[in-house]
Amino acid sequence: MTQVDDSREQDQDQGPLRSEADEPGWEVDPDDDWGIAVVAMVGRQLKLRREAAGLRAAEFGLAIGYGEDMVYKIESGRRIPRPEYLDRSDDVLRAYGMVSAMKEDVRRIRYPKKVRDLAKLEGQAVEIQLYDPLNIHGLLQTPEYARALFRMRRPAFTDEDVERGVAARDARKSVFERVPSPELSFVQEEWVLRRPLGGRTLRRRLLEHILEVGRLRHVEIQVMPMHREEHAGTEGGIEVFKFEDGSAVGRSPGVANGRPVSDPRQLRVLELRYGIIRAQALPPEESLAFIEQLLGES
C-alpha cells in the first residue's frame with residue numbers, strides 16, 4: 001500500500017475537515033517580523049515533506065483532517081499551525097518526530113509580540129508589582145471573565161482576536177507555577193471587584209479564583225477601598241519587574257508615556273507610587289477577608 005493510499009484509509013473514520021472557522025485566533029501578526037519568519041519556515045518544511053511524500057495538498061489535508069485551503073495557508077506562512085496539525089502531519093508524513101518538534105517554535109509565536117514580551121518579563125522576574133485601576137489584572141482573570149472583557153471591546157474584536165487574546169492571557173498564568181516562585185503583589189480597586197462585568201455567575205467564579213490565587217504563599221493581593229480620600233494611583237496602572245541581578249523594568253501611563261523604563265530615576269518614581277498605593281490599600285489578610293465578604297454578598 002502506498003503512503004497516499006494509507007492516508008486515504010486513515011481518513012475513513014474522520015469527521016468533517018477542519019477549516020479556519022473551526023480554529024479562530026491562529027492568524028499571523030503582520031507586525032511580528034520574527035513570528036512571520038518562523039511561520040514561513042515551518043510552512044516551507046511542511047510543504048517540502050508533503051511533496052517528497054508524493055501527496056497533493058487535498059490528499060494531505062484529507063489524511064490529517066484539514067481542508068485543502070487550510071493546508072495551503074499554513075504552507076504559505078499565512079496561518080499558524082496548531083500542535084495537533086503538526087502531530088498529525090508527523091504521523092502521515094512519517095517524519096519520526098521531526099515535524100512534531102517544530103511545536104516549540106510555533107508555541108513561542110502563537111501570541112502577539114507585545115504579549116510575548118510581557119510574558120518574558122514575567123518569566124524572568126523574581127519580584128512583580130502590579131496595580132490596575134480599571135480592571136481585574138489579567139493574571140487574576142478566569143478565561144471566561146477574560147473572554148467577556150474582550151467581547152466588550154469597541155471597535156468589536158473578531159472571534160479570532162477574542163480567542164487569541166484569551167489564550168495569550170491564560171498562558172501567562174504559568175508565572176504562578178514557576179520554580180523558584182517569584183514574589184507577586186497585586187493591588188485591585190474595590191469598585192472593580194464589585195462591578196458585575198459578564199454577569200453575576202462570572203463575577204462569583206472570578207472572586208473565588210482571586211481568593212485561590214491570593215492564598216498562594218508567594219502572592220499578596222490588596223484591595224484599595226473606595227472611601228479613601230488620598231490615592232497615589234491617579235496617574236494610571238503600574239507594573240514593576242525586578243530581576244535576580246538587581247536590575248528592573250517598569251511601566252506606567254504616568255511615566256515615559258507608558259513605555260517600559262529601566263532608568264533608576266524613573267523606576268524610583270514608580271516604586272514610590274506603588275509603595276504608597278500599597279500603604280493606602282487594605283493589608284493582604286484584610287483584603288482576602290473583604291473579597292470573601294463580597295463573594296458572600298454575590
Side-chain angles (χ1 to χ4, degrees), residues 25 29 32 34-35 83 103-150 162-189 192-193 205-224 233 236-252 258-262 267 270-271 273-275 277-278 281 284 287-288 291:
D29 184 347
D32 184 0
W34 182 67
K103 287 189 293 186
E104 180 61 22
D105 296 314
V106 171
R107 183 188 66 80
R108 294 174 183 171
I109 52 88
R110 164 71 174 88
Y111 310 116
K113 182 178 183 298
K114 63 180 180 181
V115 176
R116 296 202 310 270
D117 292 343
L118 182 57
K120 183 178 180 180
L121 292 175
E122 293 168 347
Q124 296 176 342
V126 296
E127 183 179 349
I128 303 174
Q129 301 172 335
L130 304 165
Y131 165 63
D132 190 333
L134 299 177
N135 289 301
I136 301 298
H137 193 278
L139 290 177
L140 297 177
Q141 295 175 11
T142 62
E144 296 79 14
Y145 186 83
R147 183 173 290 105
L149 290 186
F150 280 119
V162 168
E163 293 308 315
R164 191 179 192 190
V166 172
R169 187 161 293 179
D170 202 46
R172 287 170 48 208
K173 294 178 185 175
S174 61
V175 68
F176 293 114
E177 303 168 359
R178 269 180 47 202
V179 179
S181 304
E183 295 296 321
L184 290 107
S185 167
F186 297 86
V187 179
Q188 292 287 170
E189 294 287 340
V192 172
L193 292 165
R205 176 64 191 115
L206 175 68
L207 294 177
E208 291 173 343
H209 176 68
I210 293 174
L211 286 172
E212 292 172 7
V213 175
R215 294 188 181 108
L216 296 174
R217 292 175 57 190
H218 60 292
V219 176
E220 288 189 340
I221 298 175
Q222 294 179 248
V223 176
M224 177 69 79
I238 296 174
E239 295 177 320
V240 177
F241 305 90
K242 299 182 179 181
F243 307 103
E244 192 170 10
D245 63 1
S247 64
V249 173
R251 66 178 185 176
S252 172
R259 297 190 303 274
V261 298
S262 57
L267 286 170
L270 293 181
E271 292 198 65
R273 290 177 183 169
Y274 190 77
I277 290 171
R278 289 197 68 182
S287 295
L288 292 184
I291 296 173

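Looking at heavy atoms from C-beta onward, Ile210 lies in side-chain contact with Leu193 at the 4.5 angstrom threshold.
Glu244 places no side-chain N or O within donor-acceptor distance of the main-chain N or O of Val126, the cut-off being under 3.5 Å. A side-chain donor-acceptor contact under 3.5 Å links Ser252 to the backbone of Gly237. For Arg178 (side chain) and Gly123 (main-chain N/O), a donor-acceptor pair under 3.5 Å exists by modelled atom type.
Arg251 and Gly258 make their closest contact through CB-O, 3.8 Å (heavy atoms, listed as atom of the first residue, atom of the second, distance). Taking each heavy atom of Val223 and Ser287 in turn, the nearest pair found is N-OG, 2.9 Å. Closest non-hydrogen pair, Phe176 versus Leu216, comes out as CD2-CD1, 4.2 Å. Pairing each heavy atom of Ala281 with each of Val187, the nearest pair is CB-CG1, 4.2 Å. When all heavy atoms are compared, the tightest approach of Gly165 to Phe150 is C-CE1, 3.4 Å.
Every residue meeting the side-chain hydrogen bond (donor to acceptor under 3.5 Å, both in side chains) condition with Gln129, not counting sequence neighbours, appears here in chain and number order: Glu127. Scanning for side-chain hydrogen bond (donor to acceptor under 3.5 Å, both in side chains) contacts around Asn135 gives Arg195, with sequence neighbours left out. Looking at residues two or more places apart in sequence or on another chain, you find a side chain to side chain contact (heavy atoms under 4.5 Å, CB included) between Ser247 and Phe243, Asp245. Under the rule for a side chain to side chain contact (heavy atoms under 4.5 Å, CB included), the partners of Pro284 that lie at least two apart in sequence or sit in another chain are Glu220, Gln222. In terms of the ring pair (Phe, Tyr, Trp, His ring centres under 6.0 Å) criterion, His209 has no residue partners (sequence neighbours excluded). Applying the salt bridge (charged side-chain N to carboxylate O under 4.0 Å, His left out) criterion to Glu177, with sequence neighbours excluded, gives no partner residue. In terms of the ring pair (Phe, Tyr, Trp, His ring centres under 6.0 Å) criterion, Tyr145 has no residue partners (sequence neighbours excluded). Applying the ring pair (Phe, Tyr, Trp, His ring centres under 6.0 Å) test to Phe241 and every residue at least two apart in sequence or in another chain returns nothing. Here Pro143 pairs with Val166, Asp170, Lys173 under the side chain to side chain contact (heavy atoms under 4.5 Å, CB included) rule; sequence neighbours left out.
Note that CD of Gln188 and CG of Leu140 are 5.5 Å apart. Values are rounded to the nearest 0.5 Å. With rounding to the nearest 0.5 Å, the separation of CD1 in Ile128 from NZ in Lys242 is 11.5 Å. One finds the CZ atom of Arg205 at 7.5 Å from the CD atom of Glu144 (value rounded to the nearest 0.5 Å). Remark: Leu134 CG to Leu149 CG distance equals 11.0 Å, nearest 0.5 Å. One finds the CG atom of Leu206 at 9.5 Å from the CG atom of Leu211 (value rounded to the nearest 0.5 Å). Rounding to the nearest 0.5 Å gives a distance of 12.0 Å between CZ of Arg147 and CZ of Arg169.
Judged as a ring pair (Phe, Tyr, Trp, His ring centres under 6.0 Å), the pairs with a partner in residues 119-138 (not counting sequence neighbours) are, in order, Tyr131-His231, His137-Phe186. Counting only residues at least two apart or on different chains, the side chain to side chain donor-acceptor pair (under 3.5 Å) pairs with a member in residues 210-219 are Arg215-Glu292.
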Derivation of the side-chain contact (heavy atoms from CB on, under 4.5 Å) call for Leu139 and Glu122: CA-CA 10 Å; Leu139 290 177; Glu122 293 168 347; 3.8 Å; yes

Steps toward side-chain contact (heavy atoms from CB on, under 4.5 Å) verdict (Val261, Leu270): CA-CA 10 Å; Val261 298; Leu270 293 181; 4.1 Å; yes

